[in-house]
Each structure stands twice: as C-alpha cells, then as structure tokens.
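Take a look at the structure below.
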2 protein chains.
Amino acid sequence: MGTVANGKQVKKIKSLLAIQSEVQSSNRIALSVDCVIFGFDENKLKVLLMRSDLKKYQSKWSLLGDLVKPDEDLDAAAYRILKQRTGLDDVYLEQVHSFGKINRHPGGRVVTVAYCSLINIQHHKLKILDNELHWHDVASVKDLAFDHKTIFDLSLQRLQKRVQEHPLGFSLLPNKFSLRELQNLYEAILSIKLDRRNFRKKFFAMNFLVDMDEIEQNLPHRPGKLYKFDYDKYEKNKKKWSGIDF
Amino acid sequence: MGTVANGKQVKKIKSLLAIQSEVQSSNRIALSVDCVIFGFDENKLKVLLMRSDLKKYQSKWSLLGDLVKPDEDLDAAAYRILKQRTGLDDVYLEQVHSFGKINRHPGGRVVTVAYCSLINIQHHKLKILDNELHWHDVASVKDLAFDHKTIFDLSLQRLQKRVQEHPLGFSLLPNKFSLRELQNLYEAILSIKLDRRNFRKKFFAMNFLVDMDEIEQNLPHRPGKLYKFDYDKYEKNKKKWSGIDF
DNA sequence: TCAAAAGTGTTCGTACTACACCCATGT
DNA sequence: ACATGGGTGTAGTACGAACACTTTTGA
C-alpha cells in the first residue's frame with residue numbers, strides 16, 4: 001500500500017467527503033440547553049427562574065438556558081449553564097426531553113434540550129444574581145417566556161414520576177434530614193398528603209436510611225432524629241422487576 | 001404612537017437583533033433524528049436496521065436516521081424518516097433521548113435525537129428495502145455504527161420500562177390477539193418467563209381487554225380466544241398514583 | 001401544664017406467588 | 001387415543017391503607 005490511493009480508498013474518501021459536506025451544509029440549526037432547576041425550601045417545591053434575555057421583548061420569567069457551542073458536549077453545556085448562571089456545581093442533573101417546534105423561539109429556529117436539576121438550597125447559596133435570578137414557588141409558575149411553560153410542566157411531571165421510583169429527592173434535602181422533612185418533600189413534589197405512620201414504615205422497611213444519632217436543633221417542640229440516605233446500599237439492593245401495572 | 005420609534009421600541013429592536021444575530025451566527029450544529037423501530041415476529045423482539053449510509057466507511061448496521069431540516073419540526077422529522085425509509089405510516093412514535101457527544105459522528109459534529117417506534121410487522125409490510133433494510137433479532141444486535149449501540153440499548157431499556165407501565169405493547173401485535181401472543185410479547189421484551197395463569201389473571205383483572213368472540217385459526221391444537229385492547233376505557237380508568245417504591 | 005410534633009402497632013383488605021388439573025382441538 | 005396448548009381455582013403471603021394513643025421537648 002503506497003502513497004497513491006487505490007479504488008477502495010478513493011470510494012471511502014468520496015463517501016466521507018459527501019457526508020461531511022452534508023453535515024457542513026446549510027442543514028444546521030441553533031441548539032440550546034434549558035435547565036429546570038428545582039429546590040426545596042419552607043416546605044415548598046421551588047424552581048429557579050430569571051428574567052428572559054429578551055427582557056425588553058417579552059418581560060417574562062424564563063428557564064436558565066444558553067446556546068450549545070459547536071465543540072461542546074450536551075451534558076457539558078448543561079453543567080456550564082448551571083455554573084455560569086448560578087455559580088453552582090456538583091449537583092444532580094438529568095436530561096429530560098428535547099423540544100423542536102419550528103417557531104418556539106422568536107430569534108429564529110432553535111431546538112432546545114431540557115435538563116432537570118435538583119439542588120439543596122441550604123447548602124448551595126446562589127452566588128450570582130444577574131437577571132433577577134431567584135427561587136419561585138412551583139405552584140405559582142404561570143406563563144413563562146417562549147415554550148418554557150411546556151418544558152417546565154413536563155419536567156415537573158417527570159420529577160413527580162422519577163421521585164417515586166428512584167431516590168432523587170434526597171438531592172433536595174440537607175445531608176442529614178428528619179423523616180418529617182422527607183415527608184414534607186414528597187408531599188410538596190407530589191402535591192398530596194401522606195399518612196405519617198405509613199410513610200415512616202415504608203422508608204424504614206426499605207432499609208436505606210442510616211440513623212445519624214443526632215436530633216434536630218432549635219425547635220419549639222420535640223425534635224426528630226436525623227438520617228442520611230445510603231446510596232451504596234441502594235445500588236446493591238434496588239429492585240429490578242416491578243411488575244406489569246397500568 | 002407615530003412611525004418614529006421611541007426609546008423603548010429601539011431597545012426592543014436592538015435586543016431582538018442581538019438575539020437573532022446570535023442564533024444565526026456560527027453557533028449552529030447539525031441535528032439528526034435516529035429511529036429505533038421495534039417489531040415482534042416469531043415470538044422474538046426485532047429491530048429494524050439498515051446498512052450505514054457510510055457503508056464504505058464502516059460496513060456496520062445502523063439505525064434509520066437523517067438530518068433534521070431547518071424548517072422541520074423534530075417529531076415531523078422522525079415521521080418523515082420512518083416514512084421515507086420504510087414506507088410505513090401511522091405508527092407509535094416517541095422521543096427517547098438526545099445524544100450529543102462531540103465525536104459521535106465521523107462527518108463532524110452531529111447531535112441526534114433518538115425516537116422509538118413500535119410496529120406491527122404483520123400489518124405493516126416494509127415497502128422499501130434499500131440499504132439491506134430488514135428486521136434483526138434484538139438479542140443478536142451487536143456493534144452498530146457510530147454510537148447507535150448506545151442509543152439502541154437505552155431505547156430497549158426504556159421500552160422494557162414503559163411496557164410495564166403503559167399499554168404500548170399492543171402496537172406490536174395484530175389488532176386481535178390471543179393471551180398467549182400477549183404473554184409471548186412481554187416475555188420477549190423483558191427477557192423473562194411469566195406464569196401463564198397469573199398473567200391471564202392480571203390482564204383480565206385490569207379489565208381493558210375486550211373479548212372479540214373469535215378464536216385463532218389453523219392451529220394444530222386448541223385455539224385461543226382473541227381480544228383487543230380498549231384504549232378508551234384505559235384512558236378513563238388508568239392509575240394516577242402508583243406509590244413510592246425503589 | 002400546655003402546645004406541638006415525634007414515635008409507635010394492629011387490623012383489614014387487596015394483590016401477588018406458586019402450583020395442578022381438566023378441556024378443546026387437530027392429527 | 002394422543003399430543004398440544006387453552007382455560008381455570010385456591011391457599012399462603014406480603015404489602016398498603018386506615019386509624020389513635022403515648023412520649024418528648026421547649027415555652
């Protein structure tokens with residue numbers, strides 16, 4: 001095999017070039033990431049919103065988003081946005097869905113990938129407060145910019161489902177938490193009331209809570225015991241088969 | 001308000017122009033859709049694959065995909081690809097996940113949105129057979145082109161989960177099916193064995209199966225009764241709250 | 001001693017599991 | 001008659017739902 005390309009190589013190269021030209025053609029689209037960032041405070045589920053970048057164009061609240069750079073991984077873009085906008089790092093982050101309606105963005109065609117993030121508001125105080133960035137009650141969210149309400153609704157719905165099947169919720173709590181806090185969290189996320197005794201039984205039966213031998217402080221009533229979630233134990237023992245049920 | 005823009009309007013326009021120029025800048029990325037198309041035949045779960053468009057470049061099997069056009073809805077692109085490649089229409093289609101690793105495509109940066117489709121192989125005979133398009137046993141799928149194996153694995157995993165919680169599976173069966181066929185389907189998708197009696201009890205208890213008063217034909221043994229799934233009834237009666245369990 | 005929330009058990013009904021026999025059909 | 005898979009019932013168990021009283025703490 002010398003320096004002169006043989007027939008097969010030429011075909012390979014031609015094929016590759018064809019693909020490259022197709023990819024590099026005008027067939028390209030602006031791609032963004034939008035983060036739905038949930039927090040939990042005052043026994044309410046919160047979401048982090050800012051004023052739209054198009055503030056003067058439509059002065060509505062919007063999710064935290066930005067365009068994905070051509071040399072940037074999708075997940076990396078989500079992390080970057082979170083970091084840039086909030087100063088936060090090392091948080092739960094998960095892709096939810098991509099939204100690609102043609103006219104969803106007034107600036108032109110932009111397809112966006114939605115990510116859902118869960119943050120412990122106590123531990124992660126916001127470090128950047130541009131664009132009136134702050135926490136909103138989930139219940140009071142109406143009418144966001146662009147199609148962000150749709151994105152938010154789907155993300156919340158997804159969270160409600162996921163939190164029942166996976167131990168995500170703990171990302172929203174301090175490392176050590178009381179069972180009451182845990183129950184308040186579930187009640188806030190799911191918008192339901194749960195029986196306290198059955199809730200406790202449920203979680204103790206799972207056997208993934210570790211008693212920290214500490215109790216709550218500075219309460220005007222009997223303090224509860226504090227627990228942490230044992231992720232290692234969960235990973236080893238989690239259910240594989242849940243059963244057909246719809 | 002006359003024809004001369006006032007200060008606010010000028011700001012609005014400037015802001016909009018800034019956004020548009022950002023969107024139209026070099027910050028754009030090729031976007032594709034890849035379809036993982038499942039079928040069910042000979043009591044095996046199948047997936048529809050073709051030879052990679054980069055056949056000469058890497059002669060591997062690949063999912064059915066194409067670039068999304070700048071003026072095309074994401075979902076519409078998925079439908080188009082399905083229709084173009086197979087001639088099929090009117091099938092179950094659902095977005096699964098987006099994949100955005102920088103080097104996932106040899107032709108340059110391409111972010112892809114994966115869709116999962118379920119097809120009744122009997123009713124929908126393939127009309128187009130370019131690129132060696134045909135059905136492969138899911139169990140025998142190895143080593144696809146690009147990152148298609150990753151996409152396929154996630155899609156299968158998602159299908160396994162979804163089929164336990166939602167009545168998707170029926171899209172893979174004829175309109176009228178026997179309980180044996182239904183059980184075979186679940187066993188194939190989930191790669192497990194199920195108890196026949198408990199399986200029947202389960203589905204009858206749901207009360208979403210309608211007895212068609214017909215039986216299977218041309219069998220060398222006692223034929224089973226045929227049923228169809230009552231989607232309307234399901235929509236009215238489906239479970240809302242499944243419970244915390246992980 | 002009072003207020004407020006923590007902590008704890010039992011009963012009941014439902015739903016899943018495991019398991020074995022008779023029945024209808026075609027050969 | 002026989003081979004093949006269709007169709008059914010029961011007993012045991014586990015889990016979730018409903019429900020009320022005693023205990024601890026700080027004020």
Side-chain angles (χ1 to χ4, degrees), chain A residues 42-44 161 163-165 173-174 176-188 190-228 237-246, chain B residues 42-44 163-165 173-174 176-188 190 192-228 237-246:
Chain A
E42 302 165 323
N43 289 340
K44 293 205 195 91
K161 191 171 159 52
V163 82
Q164 292 183 55
E165 302 176 340
L173 292 176
K176 300 169 186 177
F177 50 85
S178 69
L179 271 173
R180 163 64 60 184
E181 289 176 290
L182 186 60
Q183 185 178 340
N184 286 341
L185 174 69
Y186 272 88
E187 292 184 340
L190 299 171
S191 298
I192 53 173
K193 281 286 163 203
L194 295 168
D195 182 88
R196 193 163 50 93
R197 290 161 291 190
N198 292 334
F199 184 84
R200 299 170 72 89
K201 249 182 298 178
K202 182 86 195 174
F203 272 90
F204 287 138
M206 282 181 193
N207 218 19
F208 296 140
L209 294 183
V210 182
D211 189 335
M212 295 274 86
D213 282 316
E214 291 179 61
I215 56 172
E216 296 176 286
Q217 302 295 330
N218 304 323
L219 291 178
H221 55 73
R222 176 171 177 182
K225 297 174 89 171
L226 297 181
Y227 300 86
K228 74 174 177 64
N237 297 63
K238 63 184 169 185
K239 292 206 175 57
K240 283 134 189 76
W241 162 257
S242 54
I244 300 164
D245 201 15
F246 46 84
Chain B
E42 302 164 324
N43 289 341
K44 293 205 195 90
V163 83
Q164 292 182 56
E165 302 176 339
L173 291 177
K176 300 171 186 177
F177 50 85
S178 69
L179 272 173
R180 162 65 60 185
E181 289 177 291
L182 186 60
Q183 183 176 342
N184 286 340
L185 174 68
Y186 272 87
E187 292 184 340
L190 299 170
I192 54 173
K193 281 285 161 201
L194 295 167
D195 181 90
R196 191 163 52 95
R197 287 161 294 189
N198 293 335
F199 184 85
R200 298 170 73 88
K201 249 183 298 179
K202 182 87 195 174
F203 272 88
F204 287 139
M206 283 180 193
N207 217 20
F208 296 140
L209 294 183
V210 182
D211 188 334
M212 295 274 86
D213 282 316
E214 291 179 58
I215 56 172
E216 297 175 286
Q217 301 296 331
N218 303 324
L219 291 178
H221 55 74
R222 176 175 176 180
K225 295 174 91 171
L226 297 181
Y227 300 86
K228 74 176 177 62
N237 298 62
K238 63 182 168 187
K239 291 206 176 56
K240 282 133 188 76
W241 162 258
S242 54
I244 301 164
D245 201 15
F246 45 83

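Chain A is the first sequence line, chain B the second, and so forth, proteins listed ahead of strands; every chain is numbered from 1. Given the structure is predicted, the values throughout are model-derived calculations rather than measurements.
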Taking [atom1] from [X] and [atom2] from [N], how many angstroms apart are they, rounded to a whole number?
| X | N | atom1 | atom2 | result |
| --- | --- | --- | --- | --- |
| B/L226 | C/dT25 | CG | C1' | 15 Å |
| B/W241 | D/dA17 | CH2 | C1' | 12 Å |
| B/L194 | C/dC19 | CG | P | 15 Å |
| B/K202 | D/dT8 | NZ | P | 18 Å |
| B/F199 | C/dT17 | CZ | P | 13 Å |
| B/K193 | C/dT17 | NZ | P | 16 Å |
| A/R196 | D/dC21 | CZ | P | 14 Å |
| A/N43 | C/dA5 | CG | P | 11 Å |

- request: Quick one: list whatever passes side-chain hydrogen bond (donor to acceptor under 3.5 Å, both in side chains) with A/E42, sequence neighbours left out.
  value: A/K46
field: Pairing residues for B/E214 by the side-chain hydrogen bond (donor to acceptor under 3.5 Å, both in side chains) criterion, not counting sequence neighbours
entry: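 Testing B/E214 for side-chain hydrogen bond (donor to acceptor under 3.5 Å, both in side chains), a comparison that skips the adjacent residues, returns B/K176.
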message: Going by side chain to side chain contact (heavy atoms under 4.5 Å, CB included), name the residues that satisfy it together with A/D211, two or more places apart in sequence or in a different chain.
response: A/D213, A/K225, A/Y227
- prompt: Can you tell which of A/Q164, A/K239, A/K238, A/M206 makes a side-chain contact (heavy atoms from CB on, under 4.5 Å) with B/F246?
  reply: A/M206
task: Starting from the 5' end of DNA chain D, give me the residue, B/I244 or B/Y227, whose nearest nucleotide shows up first.
output: B/Y227
message: Quick check: on DNA chain D, is the nucleotide nearest B/D245 upstream (toward 5') of the one nearest B/G224, or the reverse? Name the residue that is more 5'.
response: B/G224
- prompt: Rounded to the nearest 0.5 Å, what separation is found between the CD1 atom of B/I244 and the CD atom of A/Q183?
  reply: 8.5 Å
task: Any chance you could measure B/L182, atom CG, to B/R200, atom CZ, to the nearest 0.5 Å?
output: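 These two atoms lie 10.5 Å from each other.
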OP1 or OP2 of C/dA6 under 4.0 Å from side-chain N/O of A/R200: no
- request: Answer yes or no: is there a donor N or O on one side and an acceptor on the other, between the side chain of A/E165 and the main chain of A/V163, under 3.5 Å?
  value: no
message: Looking at A/S178, is its backbone amide N or carbonyl O close enough to the side chain of A/E181 to form a donor-acceptor pair, meaning the two atoms are under 3.5 Å apart?
response: yes
query: A/R197 near the nucleic acid: base, sugar-phosphate alone, or nothing, with a heavy-atom cut-off under 4.0 Å?
result: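 Base contact.
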message: Need one value for A/R180: base, sugar-phosphate or nothing, where a base atom within 4.0 Å counts as base even if backbone is also close, heavy atoms only.
response: sugar-phosphate
- line: Ordered by number, residues from residues 204-223 of chain A within less than 4.0 Å of DNA chain C (heavy atoms) are A/H221, A/R222, A/P223
query: Taking only residues two or more places apart in sequence or in another chain, which ones pass salt bridge (charged side-chain N to carboxylate O under 4.0 Å, His left out) with A/K201?
result: none
For nucleotides 10-13 of chain C, give me every protein contact, N/O to N/O, under 3.5 Å, one pair per line with atom names.
{"from": "C/dT10", "atom 1": "O4", "to": "A/K201", "atom 2": "NZ", "distance (Å)": "2.9"}

